[in-house]
Amino acid sequence: MKGRNIQVFVVFTILIYASNSLEATTYMYILAQEWVGSVCKVEPSCPYMGKYDGQRWNMHGLWPNTQLTSSCGSIQYCRTDPYDSSKIYQNTKDLLDVVWNGLYSDTETFRGYEWEKHGTCYPGEVSQNYFFQTAAGLAQKYNYYSILAKAGIYPDNSRQLFESDIRNAFAAVLGTNVKITFSCFKDQVTGKFLLGQLKICFDEQLQIRTCNCKLNEEENDIDEQQNDSQFQAQPLVSCGSVFYYPEL
């Protein structure tokens, strides 16, 4: 009987391990972009603009997140692979110079930080070029500036915006069943809330999915998970009932 109990325990342990291993391979990806007009209003200066053209938001990052009920979210620094810009192809660099710049901090340092913190967690131990090419491609495909413009929302220092304005604009493009998350900076001079960062999410096949995950049977908003970056202009906060989309 003792031997049988041991066998049962071993089988049970294997099944749990297999289940956890399977669960751990499930990811979603967060595409975070920041509005340059807001960032450069709350920062003293933005000298690292690259080839930014004013017709898009700036990439903050592409963040792999697990769907494990035990962690439900951020995974960081998954392997050692120091950032090396020489590993990034020129055509990828050309696109990055348009969509992903440091704005108020050194661009190469910013990209390196995002690669080592988040890119190293991209499944399959992908190359640095693959990661940045994928991220930049998503930023091109899902141009937040264009999505808002289709709804008649353009940068305007005086126009008041409401949560429904942003959600309706993205629902028209992504679908009404897709949840996005967004947050604001608070202008310390005027006290106004400025639309700062917006995130959309993807499944493992990089198809649009809603931005949520479950932890302890409850749905949690992931909008504030990445608010600890040293490359964050100022702390992101809830946008309140009224906010603004400032001009560049």
- [ ] Measure the spacing between OG of Ser238 and NZ of Lys186 and express it to the nearest 0.5 Å.
- [x] 11.0 Å
Open item on the list: Any heavy-atom pair between the side chains of Tyr48 and Asn101 that's under 4.5 Å?
Closed with: no
Atom pairs and distances, side-chain donor-acceptor, residues 92-100, under 3.5 Å, sequence neighbours left out:
residue: Thr92; atom: OG1; partner: Asn129; partner atom: OD1; Å: 2.9
residue: Lys93; atom: NZ; partner: Ser85; partner atom: O; Å: 3.1
residue: Asp94; atom: OD1; partner: Gln90; partner atom: NE2; Å: 2.9
residue: Asp97; atom: OD1; partner: Arg111; partner atom: NH2; Å: 3.1

Open item on the list: So, taking the atom named CG in Leu174 and the one named SG in Cys211, what distance separates them when rounded to the nearest 0.5 Å?
Closed with: 9.5 Å
Task: Hydrophobic cluster identity match, Tyr89 and Tyr83, side-chain contacts under 4.5 Å - done: no
- [ ] Say whether Tyr29 and Glu204, considering side chains only, have a donor N or O and an acceptor N or O under 3.5 Å apart.
- [x] no
Task: Donor-acceptor pair, side chain of Gln197 and main chain of Ala32, under 3.5 angstrom - done: no
TODO: Dump the intermediate steps for side chain to side chain contact (heavy atoms under 4.5 Å, CB included) on Phe182 and Glu163, then the final yes or no.
DONE: CA-CA 9 Å; Phe182 60 92; Glu163 179 178 351; 3.7 Å; yes
Open item on the list: The criterion is salt bridge (charged side-chain N to carboxylate O under 4.0 Å, His left out); which residues satisfy it with Glu125, sequence neighbours excluded?
Closed with: none
- [ ] If the plane angle is over 60° it's perpendicular, under 30° parallel, otherwise tilted; pick one for Trp115 and Phe132.
- [x] tilted
Open item on the list: Would Val126 and Thr134 count as a side chain to side chain contact (heavy atoms under 4.5 Å, CB included) here? Give the steps.
Closed with: CA-CA 10 Å; Val126 299; Thr134 299; over 6 Å; no
TODO: To the nearest 0.5 Å, tell me how far Lys192 NZ sits from Cys239 SG.
DONE: 14.5 Å
TODO: Heavy atoms only: give me the nearest Pro246-Tyr244 pair and the separation to one decimal.
DONE: CD-O, 3.4 Å
Task: Side chains of Leu103 and Met49 in contact at under 4.5 Å (non-hydrogen atoms) - done: yes
TODO: Report yes if some heavy atom in the side chain of Lys41 is under 4.5 Å from a heavy atom in the side chain of Asp187; otherwise report no.
DONE: yes
Open item on the list: Does any part of the side chain of Leu198, heavy atoms only, come nearer than 4.5 Å to the side chain of Thr181, both counted from C-beta?
Closed with: no
Task: Aromatic ring pairing Trp35/Trp57, orientation class (parallel under 30°, perpendicular over 60°, tilted between) - done: tilted
Open item on the list: Under a 3.5 Å threshold, yes or no: a donor from one side chain and an acceptor from the other, between Gln76 and His118?
Closed with: no
Task: Beyond-backbone contact of Tyr122 with Tyr130, side-chain heavy atoms, under 4.5 angstrom - done: yes
Open item on the list: By the side-chain hydrogen bond (donor to acceptor under 3.5 Å, both in side chains) test, which pairs, at least two apart or in different chains, include something from residues 168-177?
Closed with: none
Task: Atom pair CD1 (Ile208) and CG (Asp203), whose distance is rounded to the nearest 0.5 Å - done: 9.0 Å
Open item on the list: Between Gln33 and Arg56, do the side chains contain a donor N or O and an acceptor N or O under 3.5 Å apart?
Closed with: no
TODO: Heavy atoms only: give me the nearest Met59-Ala135 pair and the separation to one decimal.
DONE: CE-CB, 3.9 Å
TODO: Report yes if some heavy atom in the side chain of Glu34 is under 4.5 Å from a heavy atom in the side chain of Leu236; otherwise report no.
DONE: no
- [ ] Would you mind reporting whether Ile166 and Leu195 have side-chain heavy atoms less than 4.5 Å apart?
- [x] yes
Contacts table for residues 148-157: side-chain donor-acceptor under 3.5 angstrom, sequence neighbours left out:
residue: Asp156; atom: OD1; partner: Ser158; partner atom: N; Å: 2.9
residue: Asp156; atom: OD1; partner: Ser158; partner atom: OG; Å: 2.9
residue: Asp156; atom: OD1; partner: Arg159; partner atom: N; Å: 3.3
residue: Asn157; atom: OD1; partner: Glu247; partner atom: N; Å: 2.8

- [ ] Output, in order, the C-alpha distance, side-chain angles, deciding distance and verdict of side chain to side chain contact (heavy atoms under 4.5 Å, CB included) for Asn65 and Ile30.
- [x] CA-CA 7 Å; Asn65 276 41; Ile30 303 170; 3.5 Å; yes
- [ ] Apply side chain to side chain contact (heavy atoms under 4.5 Å, CB included) to Thr210 and list each qualifying residue two or more places apart in sequence or on a separate chain.
- [x] Lys179, Asn212
- [ ] In sequence, state the C-alpha distance, the side-chain angles, and the governing distance for His60 and Phe110, and then conclude on side chain to side chain contact (heavy atoms under 4.5 Å, CB included).
- [x] CA-CA 9 Å; His60 185 171; Phe110 176 39; 3.9 Å; yes
Open item on the list: If you count every heavy atom of other residues, nucleotides or ligands that lies below 6.0 Å from Phe162 atom CZ, does the total exceed 12?
Closed with: yes
Task: Contact list for residues 27-66, test disulfide bond (SG atoms under 2.5 Å apart), sequence neighbours left out - done: Cys40-Cys46
Open item on the list: So if I apply the ring pair (Phe, Tyr, Trp, His ring centres under 6.0 Å) rule between Phe202 and each of Trp63, Tyr142, Tyr27, which one comes out positive?
Closed with: Tyr142
Open item on the list: Please report the interatomic distance CG(Asn58) to OH(Tyr145), rounded to the nearest 0.5 Å.
Closed with: 15.0 Å
Open item on the list: Quick check for you: to the nearest 0.5 Å, what is the distance between Ser38 atom OG and Leu248 atom CG?
Closed with: 9.0 Å
Task: Contact check, side chains of Val237 and Phe185, non-hydrogen atoms, under 4.5 Å - done: no
